[in-house]
2 protein chains.
Amino acid sequence: MKKVSLKDIATEAGVSTALVSYVLTNKDKKARVGEGMAKKIREIARKLNYQPNHIARSLKSGRSFTIGLIVADISNPFFANIARTIEDEAKKNNYNVIFGSSDENVDKSQDLINVLVNRQVDGLIITPTEGSEQQLQQLKEQKIPFVLIDRFFPGIAASYIAVNNRESAAGAVSHLIKAGRKRIGMVAYKTTLHHISERIGGYQDALQQHKIKAGNSWLKKARYSHLKEDIQLAIDQLLKGKQPADAIFFATNSLAIEGLKYINTLGIRIPDELAVITFDEGEALDLFYAPVTFVRQPILEIGKAAVRVLLEQIADDTSATTAISIDTTLVVRKSCGSR
Amino acid sequence: MKKVSLKDIATEAGVSTALVSYVLTNKDKKARVGEGMAKKIREIARKLNYQPNHIARSLKSGRSFTIGLIVADISNPFFANIARTIEDEAKKNNYNVIFGSSDENVDKSQDLINVLVNRQVDGLIITPTEGSEQQLQQLKEQKIPFVLIDRFFPGIAASYIAVNNRESAAGAVSHLIKAGRKRIGMVAYKTTLHHISERIGGYQDALQQHKIKAGNSWLKKARYSHLKEDIQLAIDQLLKGKQPADAIFFATNSLAIEGLKYINTLGIRIPDELAVITFDEGEALDLFYAPVTFVRQPILEIGKAAVRVLLEQIADDTSATTAISIDTTLVVRKSCGSR
DNA sequence: TCATTTTGCTTAAACGATAAAGCAATATTC
DNA sequence: GAATATTGCTTTATCGTTTAAGCAAAATGA
């Protein structure tokens, strides 16, 4: 049972495919199609259960109504949630989403961009990896619309949706200080990505503002590729000195979860012996015996904004960029103690 | 800067597009293209950075090299992980994945199927929702290859990848019994979906086998649409009688996580007062103060098998179906106590 | 009544790639 | 040297849809 095409309907109705096309794309008024004929064609289309061939349409129109989404890892709840909102938002606009995970790897990122662009996506939503500046530059040259989320490169003019990482981090750390913590460590990723630098910057800002001298020894960095070992080492170093840290600020939820797993094995009690605060939410952090205080990124807003900005860019065919910075909320729970 | 097409290369080389096509699809030997010319064409293609138009190819070949993936909710870690393995596996075979979330809703499911089919996906991987039998039947009539994962309908001949739910559930419950638990409740979804019925069946099998008389009052069902309220009610009923349950078996991770959140608020200690066991893993269950014993579904295997079976079906153009049942592993941790 | 406008449809080209078929020019065979 | 085979390319049709342009027939105007 082959698929029904315009031609089948045309044959059945005894007219040309053009006429059928006009009717079924609701251009029958403009194209002066007879009322009776229009009705007849619509009926036949319904009877044969005609479904337009999207690929043929795309070829003709040069638009695929598909968005490419590149995240670091779709199995990370933060990105999965973003993907979810992007999917919903895209669907509302009759767009679909093709996705891929870069694993924070530049080569995979390039691969994905190539594949998605060859599939003629109309635009891309990307969480760029470290060192992918040149890939973005190339997209710009090819005039392929894209929007960055979660991160961006200050040196590259591109649309992006991000949160005010520096202020948010500073706010989180201030909260720890106000809760009476004095020796506040931070665990971040070892990366040059701007959003992490900013979170580190915010951490340092807050310490400085409260006149706390932080040796760099309180700032630990874990490699994405060796997360577990590096985090364990970092936490050992933070907690096992003569002056152990009394609080840790994690730069992302993956870091927090991996860190807490290890802290659990050490038998350290939260928040009594150690306060914990992190960026990003996650069910694991809710279910933790001391639900973890966290910086909430408004995922829904980010996803919606990303799609909106991207579709605007696609529609306007302009190279103008839109940068959106969104505020976060500090969700205070038990993990920092309360006083 | 328009995209480079075969025609551009042809013009530059002073030949026809056909010749260029033959060369760039490596049919130059078969099509008897001169060596010199082949080389020249390849060079021009490289110089102009030619990227084939996938859409045009799809239109011609009738294949899009795209898989449609329909999960209940991409932001659920179980499905996100499945999506991840499917993505990876698809990429290995030069396929891409378009996805959508059905939210366990029949209408959304139908919507998604329509959209994906119109986009000419070559096949679908679906976690079918309750009541979607007829949609699958329709896919069969349209001869669109598809593979079900996680669930299937016994009455519909279709390829599927699933775990042996009944035995796995029975194994989990037996584990509770062997750990000395006597009053074992179960929290499942209120649904007719077969995998849930089977898990319930396994629970009942195990009780029966150990001569435990379970009133139906120990079996609770929560509506997907009213998860929180229903779970709280279920747990209240299980724990607040004169003979409170001393163990709960959750049919999925979402149920377990939502249930444990509530149990936390009740101040009930796991495993001392209550043992807990669940289907599916999740970071939340790892990080829980009494890491939760769970039935591990081999996600990687499921994803790989799903893609493999689907691609076979696409290639063979057969209506034969393949049903794969995979064994689970019981991962024993603290939440059931130890003796 | 004849010129002009409107109506209702068809033709044909296009999007980009593919591939069967065709056609000279050259090479091989006897 | 004539018949045949091979080489190296072009022509043309096709996938399904869209849309500008074209063309009769009918309707309107004077």
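For clarity, every value in this text was computed on a predicted model and none was experimentally measured. Chain letters run A, B, ... following the sequence lines, proteins first and then strands; every chain starts at 1.
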Task: Contacts of type side chain to side chain contact (heavy atoms under 4.5 Å, CB included), residue K60(B), not counting sequence neighbours - done: none
Task: Cationic tip of R151(A) above F153(A) ring, under 6.0 Å, 45° of axis - done: no
Task: Sequence neighbours excluded - side-chain hydrogen bond (donor to acceptor under 3.5 Å, both in side chains) pairs with any residue from residues 302-315 of chain B - done: S159(B)-Q313(B), R308(B)-E312(B)
Open item on the list: Using a 4.0 Å cut-off on heavy atoms, which residues in residues 113-124 of chain A reach DNA chain C? List them by number, or say none.
Closed with: none
- [ ] Output yes when a side-chain donor or acceptor of S64(A) lies under 3.5 Å from a complementary backbone atom of Q120(A), and no otherwise.
- [x] yes
Open item on the list: Below 4.0 angstrom, which residues in residues 28-51 of chain B have at least one non-hydrogen atom near DNA chain C?
Closed with: R32(B), Y50(B)
Open item on the list: Between A18(B) and V4(A), which residue's closest nucleotide on DNA chain D lies nearer the 5′ terminus?
Closed with: A18(B)
Open item on the list: Just verifying a value: how many Å separate D8(B) CG and Y50(B) OH, rounded to the nearest 0.5 Å?
Closed with: 9.5 Å
Open item on the list: Could you work out, with side chain to side chain contact (heavy atoms under 4.5 Å, CB included) as the rule, every residue matching S225(B), not counting sequence neighbours?
Closed with: R223(B)
Task: For atom CD1 of I9(B) and atom C1' of dG16(C), their distance in whole Å - done: 12 Å
Task: Axial bend angle, the helix from dT1(C)-dA30(D) to dC30(C)-dG1(D): five-pair end segments, nearest 10° - done: 50°
TODO: Could you pick out which residue, T25(A) or K7(A), lies toward the 5' side of DNA chain D when each is mapped onto its nearest nucleotide?
DONE: K7(A)
- [ ] Please identify each residue that fulfils side chain to side chain contact (heavy atoms under 4.5 Å, CB included) with E130(B), with sequence neighbours left out.
- [x] T191(B), T192(B), L193(B)
TODO: Please report, rounded to the nearest Å, how far the C1' atom of dC15(D) is from the NE2 atom of H54(B).
DONE: 16 Å
Open item on the list: Less than 4.0 angstrom from a charged side-chain N to a carboxylate O is my criterion; do E89(B) and K92(B) meet it?
Closed with: yes
Open item on the list: Applying side chain to side chain donor-acceptor pair (under 3.5 Å), can you list everything that pairs with N93(B), at least two apart in sequence or on another chain?
Closed with: none
- [ ] Round to a whole Å and report the spacing from CG of L19(A) to P of dG22(D).
- [x] 19 Å
TODO: Please state whether the phosphate of dT18(C), meaning OP1 or OP2, lies under 4.0 angstrom from any side-chain nitrogen or oxygen of K27(B).
DONE: no
Task: Touch class at under 4.0 angstrom, heavy-atom based, for V15(B) against every strand present - done: sugar-phosphate
- [ ] Please tell me which of the listed nucleotides, dT18(C), dG16(C), dT10(C), lies nearest to the side chain of L6(B)?
- [x] dT18(C)
TODO: For K140(B), enumerate each residue passing the salt bridge (Lys or Arg N to Asp or Glu O under 4.0 Å) test, keeping only those at least two apart in sequence or located in another chain.
DONE: none
Open item on the list: Quick check for you: among dT19(D), dA17(C), dG16(D), whose closest atom lies nearest to any side-chain atom of Y22(A)?
Closed with: dT19(D)
Task: Residues from residues 58-65 of chain B lying under 4.0 Å of DNA chain D - heavy atoms - done: L59(B), K60(B)
TODO: Respond yes when some side-chain nitrogen or oxygen of R57(B) is under 4.0 Å from OP1 or OP2 of dG16(C), and no when none is.
DONE: no
TODO: Give a yes/no answer on whether the side chain of S21(A) brings an N or O atom under 4.0 Å of OP1 or OP2 in dT18(D).
DONE: yes
Task: Euclidean distance, atom CG of residue N26(B) to atom P of dA17(C) [Å, nearest integer] - done: 15 Å
- [ ] Report the residues that fulfil side chain to side chain donor-acceptor pair (under 3.5 Å) with T127(A), sequence neighbours left out, ordered by chain and then residue number.
- [x] none
Task: Whether F65(B) and Y95(B) hold their rings parallel, tilted or perpendicular, with breakpoints at 30° and 60° - done: tilted
- [ ] Flag yes if more than 12 heavy atoms outside Q134(B) fall under 6.0 Å of its CD atom; otherwise flag no.
- [x] no
Open item on the list: Over all strands shown, is S5(B) touching base, sugar-phosphate only, or nothing at heavy-atom distances under 4.0 angstrom?
Closed with: sugar-phosphate
Indicate every side-chain donor-acceptor pair of residues 72-80 of chain A with a distance under 3.5 Å to a residue at least two apart or in another chain.
residue: D73(A); atom: OD1; partner: S75(A); partner atom: N; Å: 2.9
residue: D73(A); atom: OD1; partner: S75(A); partner atom: OG; Å: 2.9
residue: D73(A); atom: OD1; partner: R84(B); partner atom: NH1; Å: 2.8
residue: D73(A); atom: OD2; partner: S75(A); partner atom: OG; Å: 3.0
residue: N76(A); atom: OD1; partner: F78(A); partner atom: N; Å: 2.7
residue: N76(A); atom: ND2; partner: S254(A); partner atom: OG; Å: 3.3

